[in-house]
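Chain identifiers are assigned alphabetically (A, B, ...) following the order of the sequence lines, protein sequences preceding nucleic acid strands; residue numbering begins at 1 within each chain. Quick caveat, the model's predicted, so the values are computed rather than measured.
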Amino acid sequence: MRTLQMGVAFVAILSISGLAEATPRFPQVIYSYLYSDYTVTPYQPPCAVCHERGSTGSGTAQTPFAISAKAHGLQAGDNASLTSALAAMRKDGADSDNDGIPDVQELEDNTDPNSPADVSLSDQAGPNSGCGGGNKANASGRHAPTTAAGLMLLPMLRRRKRKPLVY
Amino acid sequence: MMQLSPAAIRSQLFRVRFLLGFCVFLLMAAWPSQAHAYAWMLRHDYNGCATCHTDPSGAGLLTAYGRAQSDVLLRTHYGSGSSDEPGKSAGTAWGLITPPDWLLLGGQFRALGFYMKPSGEKWTHQMVLMQADLAAQVQLGGFRANASLGAVQSSGSRASVVGPLVSREHWLGYAFKDDTFLVRAGRINLPFGLRMIEHTMFVRAATRTDLNDTQQHGVAFAYSGEILRAEVMGILGNYQNSPDAYRERGYSGYVELTPAQRVGIGLSSLVTHAAKDIQLQVADTRQAHGIFARYAPHSMVALLAEADLVLHSPAGLPSSTGYASMLQADVEPIQGVHAIAAAESFKQQAGLGQSWALWAGSAWFFAPHADLRLDLMRRSDVMGNQRYNSSAVLAQFHVFL
C-alpha cells in the first residue's frame, strides 16, 4: 500500500505544474530597461510579446521574439538574463519579424516585434480563451495547478499515524 | 450496535478519500490522449487509421480493435514471444475497467523533460506536462458522441475550456456503410498531412495542423476505403478562443491513395481566413498545400515524408510563400523498440534563410500501455535576420489506459 501511495504521489507530483515558465517580473524588467536608457513613453509589454496568445506556462514562450531572446541568453526566472539578452539583441540588431526594425527598437516604439505589421504592442486585445472567451492569460504569469487529481491527492498524502479501530 | 471512535472515523475517511483520489487519477490518466498517432503502423499493413481510432484520420481514442492491436503489435513481449491474441492487460486501464460495448473509454498521460542549449549559452531545462487527458465515445448504431477533457500547465490554451482545463476534441457524428463514411461536427483535429505525435515539427507547426491544440470547430466528412481514404473539413473557427476576429474560417482536407501494400501517397490542402491572425495581428488569408507519403519496404522499416507550401496574404503587407518538409525513418529491430531518425526544413519566405533540424531518437513500448522516448535534436532556426543554432534533449514518459 505504501508503494502504491508513493507511486501515486510521484505521478501526482509530476502532473502538478511546477513554476510557470512566465516570470511575472519580466514585463517590468523590459519596462525598466527601456525607460532607463531612452526617453520613451513608459508601458509594460504584455505577456504576448514572448508567450503565444499570451498563454503563460511551460513551453509557451515560443514567439519569434522569445526565441531570439532565449538564443541571446534569456533564462526563465532570471531577470538579469533578460536585461543582458535585450542588450545583446540591440547590439546584434535582431529583427525577429524581418520588417527592417530591430526588436528592441520596436519595443521602444510600442510595436509588436513578432509581426511585420505596424501594430501596437500594448493595445492588443485578446485572444481570450475558454468557453465564453472570458479567460485572459494571467498577467502575473501564474497559473493554476494542473490536475484535479493532484489537488485531491496532495492532502491525502499527509502522514498519519495508524491507530487501531476502536469498537 | 458498534460505534466507531473519532480516530477510527478519521482513519476510514482517510482511506475513502485516498481511494477516491486514486480513482480520479486513474480516470484522468485513463482517457487516450490526442497525441497517439503512429503513421508508421503502415508497416503492419494498416493503410488506414479508422480501424483502430475513433478519428478516421488517426490519433485519439482507440477502438476496441485498436486497443487489442496496440497490445499485440506495439509493445515488447518478453519471454513468451509474440502472440496474435491480446493479453488481459490490453483492456481499458489494464483490464481493470470493462465498459459496455456502446462505450469507449481512454486516457493519456505524457510528461516531457526538455533540455535545450542555444549555441554559446547555458543549458536550460523544463518539465512539461504534455498531456493529461480523458476521453470517451458513446456509439449507438451509427451515432457517435466523442469528447475529451484534460489539463495543461498553461492558461490561455487554444483548447481551454476554463483556465488550465482543456477539451481538444468534442464532436457528434454519424457513421454509415459499415463505418466507411463518417460525418461529424464539433471540435476536430484538422485533416491535413501526416498525423504524428511530433507536433513541433515544421510541417505541423507551420501549417498549424498539429495534435496539440490547433483543433478547430467545424464539420468534417471522412471516407475510409480499402485503397483510398480522405477527409475534408469546413472550418468554422475555434470557438474556445475569442474575440471572433481571431477565428479562422475555411477548409482543410487530404486524400491518400494506397496503390500497393504498405505504400501511401497523399495530397493535402488548407485555406483559411481570419480578420486578425494570431501572430501577424492583421487580417490574413493562410494557405497550405502539400504532398505526403508513407512507405514500409519491410515490416521493420517505415519511411514517412511530407512537403508543404505555406502561403500568407496579410492585409497591408507583401504576400509570402514558404515551404516546410520532413523525412523520417523508423526502424523497429525488436518489437516495441524503435530507432527514429528525421530531417526537416522550413523556409518562411523568399529572401530569408532556411531553418532545419535533425532528430535522432528511440522509443520503447516497454509494457502494456506505456512507452518511453528519448530524442536528440540539433536545430538551426532562422528568425528574421538572425540564425540561431541549438541542441536539445527530449525525454518522454507516456502512459495510456
Side-chain angles (χ1 to χ4, degrees), chain A residues 5 8 11-12 14-15 17-18 20-21 52-60 63-64 67-68 70-73 75-76 92-98 112 114-117 119 124-131 133 135-138 143-144 146-149 152-153 156 160 162-163 165-167, chain B residues 2-5 7-8 10-11 14 17-18 20-22 24-25 27-29 109 111 114 118-119 121-122 124 126-129 132 151-158 160-164 239-243 245-246 278-282 314-317 351-352 381 383-386 388 390:
Chain A
Q5 289 175 343
V8 170
V11 181
L14 276 186
S15 71
S17 59
E21 182 179 329
E52 293 180 322
R53 305 177 308 284
S55 171
T56 56
S58 287
T60 58
T63 63
I67 293 172
S68 294
K70 285 190 280 188
H72 284 86
Q75 299 215 356
D92 289 346
D95 176 15
S96 301
D97 55 11
N98 201 46
D112 191 345
N114 298 300
S115 170
V119 292
Q124 290 178 17
N128 302 325
S129 64
C131 294
N135 300 312
K136 285 191 72 72
N138 189 319
H143 57 277
T146 51
T147 64
M152 289 185 66
L153 286 169
M156 299 174 195
R160 289 176 177 269
R162 290 189 178 185
K163 295 183 179 178
L165 296 176
V166 176
Y167 292 86
Chain B
M2 284 189 294
Q3 287 186 330
L4 296 177
S5 69
R10 284 196 297 271
S11 179
F14 172 77
R17 286 169 63 199
F18 180 84
L20 184 61
F22 184 60
V24 169
F25 171 75
L27 282 174
M28 289 288 290
F109 173 86
F114 179 66
S119 292
E121 302 295 340
K122 300 176 187 175
T124 63
Q126 298 176 53
M127 290 297 297
V128 181
L129 173 65
V152 295
Q153 279 179 293
S154 63
S155 62
S157 164
R158 287 187 184 100
S160 173
V161 173
V162 57
Y239 280 82
Q240 284 163 231
N241 279 181
S242 65
Y246 286 106
I278 199 74
Q279 179 174 331
L280 298 173
Q281 293 294 315
V282 294
L317 293 170
L352 289 184
D381 289 287
M383 209 59 62
N385 64 350
Q386 303 283 311
Y388 304 121
S390 62

Determine the minimum heavy-atom distance between A/R53 and B/N241, stating which atoms define it.
-> CD-OD1, 4.1 Å
Provide the closest heavy-atom pair for B/G156 versus A/S129 in the form atom of the first, atom of the second, distance.
-> CA-OG, 3.0 Å
Starting at OG1 of A/T60, measure out to CD of B/Q126 and round the result to the nearest 0.5 Å.
-> 8.5 Å
With sequence neighbours left out, the residues meeting side-chain hydrogen bond (donor to acceptor under 3.5 Å, both in side chains) with B/D381 are B/R379
Could you look at A/D95 and say if it's the side chain, the backbone, both or neither that has a heavy atom under 4.5 Å from chain B?
-> both
Spacing of CD belonging to A/E52 relative to OG belonging to B/S154, to within rounding of 0.5 Å = 10.0 Å
Nearest 0.5 Å please: distance from the CD1 atom of A/I67 over to the CE atom of B/M383.
-> 3.5 Å
Atom pair OG (A/S96) and OH (B/Y388), whose distance is rounded to the nearest 0.5 Å = 5.0 Å
Any side-chain heavy-atom pair from A/S55 and B/R158 closer than 4.5 angstrom?
-> no
Under 4.5 Å from any heavy atom of chain A - which part of B/Q279 = both
Nearest atoms (heavy-atom pairs only) where A/P127 meets B/P243 | CA-CD, 4.3 Å
In short, A/D112 meets B/Q281 closest at the heavy-atom pair OD2-CG, 3.9 Å
Can you say whether B/L317 sits under 4.5 Å from chain A via the side chain, the backbone, both, or neither, judging by heavy atoms?
-> side chain
Looking at residues at least two apart in the chain, or sitting in another chain, which of them share a side-chain hydrogen bond (donor to acceptor under 3.5 Å, both in side chains) with A/S115?
-> none
Can you name the nearest heavy-atom pair linking A/N98 to B/G384, along with the distance?
-> CB-CA, 3.8 Å
So B/T124 and A/K70, side chain to side chain contact (heavy atoms under 4.5 Å, CB included) or not? Walk me through it.
-> CA-CA 10 Å; B/T124 63; A/K70 285 190 280 188; over 6 Å; no
